[in-house]
Structures are given as C-alpha cells and as structure tokens.
Amino acid sequence: MNSLNGRVAIVTGSSRGIGRAIALELALRGAGLVINYHSNAAAAQEVVREIESLGAQALAVQADVRTAEGAEALVRAALEAFGQIDILVSNAGIVRDTLLLRMSPDDWHAVIETNLTGAFHCAKAVQRTMLKQRSGRIIHISSVSGLVGNAGQANYSAAKAGLIGLTKALARELGSRNITVNAVAPGYIATDMTASLTAERVEAARKQTALGRLGEPEDVARAVAFLASDDAAYITGHVLVVDGGLAM
Ligand code: NAP
C-alpha cells in the first residue's frame, strides 16, 4: 500500500460517487481529507464519519467550484484545518446530456462552468500553497468522453477534453516546482451519474467494455491514489484511462 501518511488532500465533489471513493482510498492510505460538496451536506458528513472510523482526519466543506470565491474558500478552510495541501483532486462534475439540436446555451455553460472552469478555479486557488511547499499533486477527473467524444454529450465531451489541455499546460507550468498534474479518464462507472441511463444503454456500454462490466468508483479511486503517491513522482501531464478497455 502506498503510504500517504502526513499528506493532506482536497477532493472536490466527494460527498458521493467517485469523489467519495477517492476520499476514502486516500484516507485509507493515511491522508487527511477535505470533503467538498455543493448541496448534499448529510452525505458529506457521512463520508467524514466513514473516514474518521478509518482513523484518519476529515472535514466537510461546502463550496461551489463554479466560482473563484468558492474555490478560494475551500482552500482557506483546508489550510485553517490542516496547515498544508499536498493533493488536489478536481472531481466535481455534472451532466446535462442532450443532442446539439436541443442543447440550450444554459446546458452548455452549466457543464463547462462546473466540470472545466471549476478545475481552473481550484488549481489557481491551490497553486500558491503548492508553489511555496515546492511539491504537490493535482489530479483532474476527465472522461473517455473527452478522448473519443460521445453523441448527446457535446458540452460534457468538450469540458472533459478541455481538462486534458488544462492538465498538460499546468504540468509544463508547475513541473519545475515539483508539482505533478495528471488526468484520469474513467469509462462507465456505476454512480448516481450513470444511474439514470436506460438499461439498453448500460448493456451497450457493457458490451463495448473489454472486461465485460461497468467500473466501480473504487477502480477509479485506486488509480488516483497511485498518481497521488510517491510511486508516481516522475509521471506528469499524463492521461490515465480507467475504462476496462472501453475506448481503446
Ligand atoms: P455524482 O455521483 O453525480 O457526484 C457528483 C459530485 O459532484 C457530488 O459530490 C456533487 O455534490 C459534486 N458537485 C456537483 N456540482 C458541484 C459544484 N458546483 N461544486 C462542488 N461540488 C459539486 O458523479 P460521479 O459519477 O461520481 O462523477 C464524479 C466525476 O467523475 C465527474 O467529474 C464525472 O464527470 C466523472 N466521470 C464519471 C463517470 C461515470 O461513469 N460516473 C465517467 C467518467 C467521468 P453534491 O452531493 O452536494 O450534489
């Protein structure tokens, strides 16, 4: 097990789904956790309790990553509680799936603001601390939709592809200060986000996946924990696909 003892991590959107699994995985490896949520306070508190039961420290912080103020408040709360930030996982995300014909400007902006601009605000808010520390790990949760595109997801695919560009630009910008910036691109993972898909669509996704099953949030969480660990010290600007062989 890669030890993250003494490290502090912020995971955006960690009240549920993949973010929750990432937070638990990092806590299991010894990190202190800041659990961020948008509206679901009870779920975030439950994640804090689960982490405390593992013997690690955690704090739930409400913040809307769509705004610079939200991201700054999140980072301030983390620094007040822990005095350092070693790992930022920008995971918060939403979908507003529909064909371009029916996609409203609001559908477009909502997804870009949360999934892409949110990661920009968080990286910007955390960079001063990481630059001073001369170390850090930034991990963006992208998607295979950002690599190969997905019909009905023009907004989401654009945001997730944008995250890959952001990852590579920041990897170049921050590398000399020992800050690595990577992306993880999951395939179909069983969470609230995919729960609304029709049985036919889930079956089609399963059939396209070489391993013959949808992913679990923990499949993504273990990849993130690796990128956050010392074992990944010489990996930056990378997109790690965690899709069971869907998009190859
Ligand atoms: P989910 O179960 O719907 O959870 C979304 C999380 O994001 C929740 O914790 C939610 O907080 C938070 N959130 C939403 N808007 C926010 C905002 N403005 N500010 C702060 N937090 C916000 O989603 P998921 O399936 O775990 O997905 C997590 C990430 O993985 C997303 O970036 C998603 O695009 C990506 N991904 C998912 C899949 C998949 O198949 N599930 C595949 C590829 C990539 P509240 O609980 O307070 O609402």
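FYI, the numbering just counts along the sequence from 1. As the structure is a computational prediction, the values presented were derived from the model and not from experiment.
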Please tell me whether [X] and [Y] are part of a single hydrophobic cluster in this structure, the criterion being side-chain heavy atoms less than 4.5 Å apart.
| X | Y | value |
| --- | --- | --- |
| Val89 | Phe226 | yes |
| Leu59 | Val48 | no |
| Ile22 | Ile189 | yes |
| Leu131 | Phe120 | no |
| Ile85 | Val61 | yes |

| query | Between Asp64 and Thr67, does any side-chain donor sit less than 3.5 Å from a side-chain acceptor? | reply |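 Short answer, no.
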Between [X] (side chain only) and [Y] (backbone N and O only), is there a donor and an acceptor less than 3.5 Å apart?
| X | Y | answer |
| --- | --- | --- |
| Thr209 | Gly212 | no |
| Ser157 | Ser145 | yes |
| Gln84 | Gly6 | yes |
| Arg137 | Ser229 | yes |
| Asn36 | Val11 | no |
| Thr12 | Ala92 | yes |
| Asn150 | Gln153 | no |

| task | Show your working on salt bridge (Lys or Arg N to Asp or Glu O under 4.0 Å) between Arg29 and Glu25 and close with a plain yes or no. | result | CA-CA 7 Å; Arg29 295 169 194 233; Glu25 190 68 37; 2.8 Å; yes
Mind listing the closest non-hydrogen atom pair of [X] and [Y] along with its distance?
| X | Y | result |
| --- | --- | --- |
| Leu240 | Ala223 | CD2-CB, 3.9 Å |
| Val242 | Val184 | CG2-CG1, 3.8 Å |
| Val65 | Cys122 | CG1-SG, 3.8 Å |
| Ile18 | Val220 | CG2-CG1, 3.8 Å |
| Ala119 | Ser90 | CA-OG, 3.7 Å |
| Gly245 | Met248 | O-CE, 3.8 Å |

To the nearest 0.5 Å, what is the distance between [atom1] ([X]) and [atom2] ([Y])?
| X | Y | atom1 | atom2 | value |
| --- | --- | --- | --- | --- |
| Lys160 | Ile141 | NZ | CD1 | 7.5 Å |
| Thr236 | Asn182 | OG1 | CG | 5.0 Å |
| Glu50 | Gln45 | CD | CD | 12.0 Å |
| Arg222 | Glu216 | CZ | CD | 9.5 Å |
| Arg134 | Arg177 | CZ | CZ | 4.5 Å |
| Leu33 | Glu52 | CG | CD | 11.0 Å |

Do [X] and [Y] have side chains that get closer than 4.5 Å, going by heavy atoms?
| X | Y | answer |
| --- | --- | --- |
| Ile138 | Ile179 | yes |
| Gln62 | Asn40 | no |
| Leu4 | Asp86 | no |

| field | side chain to side chain contact (heavy atoms under 4.5 Å, CB included) between Thr194 and Val202, intermediate numbers included | value | CA-CA 8 Å; Thr194 44; Val202 171; over 6 Å; no
| field | Pair listing, salt bridge (Lys or Arg N to Asp or Glu O under 4.0 Å) test, anchored in residues 192-203, at least two apart | value |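 For residues 192-203: Arg16-Asp192, Glu203-Arg206.
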| How far apart are the C-alpha atoms of Val34 and Leu74, what are their side-chain angles, what is the distance that settles it, and do they pass the side chain to side chain contact (heavy atoms under 4.5 Å, CB included) test? | CA-CA 8 Å; Val34 175; Leu74 178 60; 3.9 Å; yes
| query | How would you list, by chain and number, every residue that makes a side-chain hydrogen bond (donor to acceptor under 3.5 Å, both in side chains) with Ser14, sequence neighbours excluded? | reply |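 So Ser14 forms no side-chain hydrogen bond (donor to acceptor under 3.5 Å, both in side chains) with any residue.
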| field | Enclosure of Arg102 CZ (heavy-atom neighbours >12, cutoff 6.0 Å) | value |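 Counting neighbours around CZ of Arg102, 12 or fewer heavy atoms of other residues, nucleotides or ligands fall under 6.0 Å, so no.
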| side chain to side chain contact (heavy atoms under 4.5 Å, CB included) assessment of Leu174 paired with Thr180 | CA-CA 7 Å; Leu174 303 175; Thr180 68; over 6 Å; no
| query | Do Arg7 and Ile87 pass the side chain to side chain contact (heavy atoms under 4.5 Å, CB included) test, and can you show the C-alpha distance, the side-chain angles, and the key distance before you say yes or no? | reply | CA-CA 8 Å; Arg7 310 281 164 82; Ile87 302 158; 4.2 Å; yes
| Quick one: which of Asp106, Asn155, Thr114 gives a side chain to side chain donor-acceptor pair (under 3.5 Å) with Arg96? |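 For Arg96, the side chain to side chain donor-acceptor pair (under 3.5 Å) test succeeds with only one of Asp106, Asn155, Thr114, which is Asp106.
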| request: May I ask you to say whether Glu46 pairs ionically with Arg20, meaning some side-chain N is under 4.0 Å from a carboxylate O? | output: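 No, this pair does not count.
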| query | Which is it for His140 and Thr167 under the side-chain hydrogen bond (donor to acceptor under 3.5 Å, both in side chains) test, yes or no, and what are the steps along the way? | reply | CA-CA 7 Å; His140 295 133; Thr167 298; 2.9 Å; yes
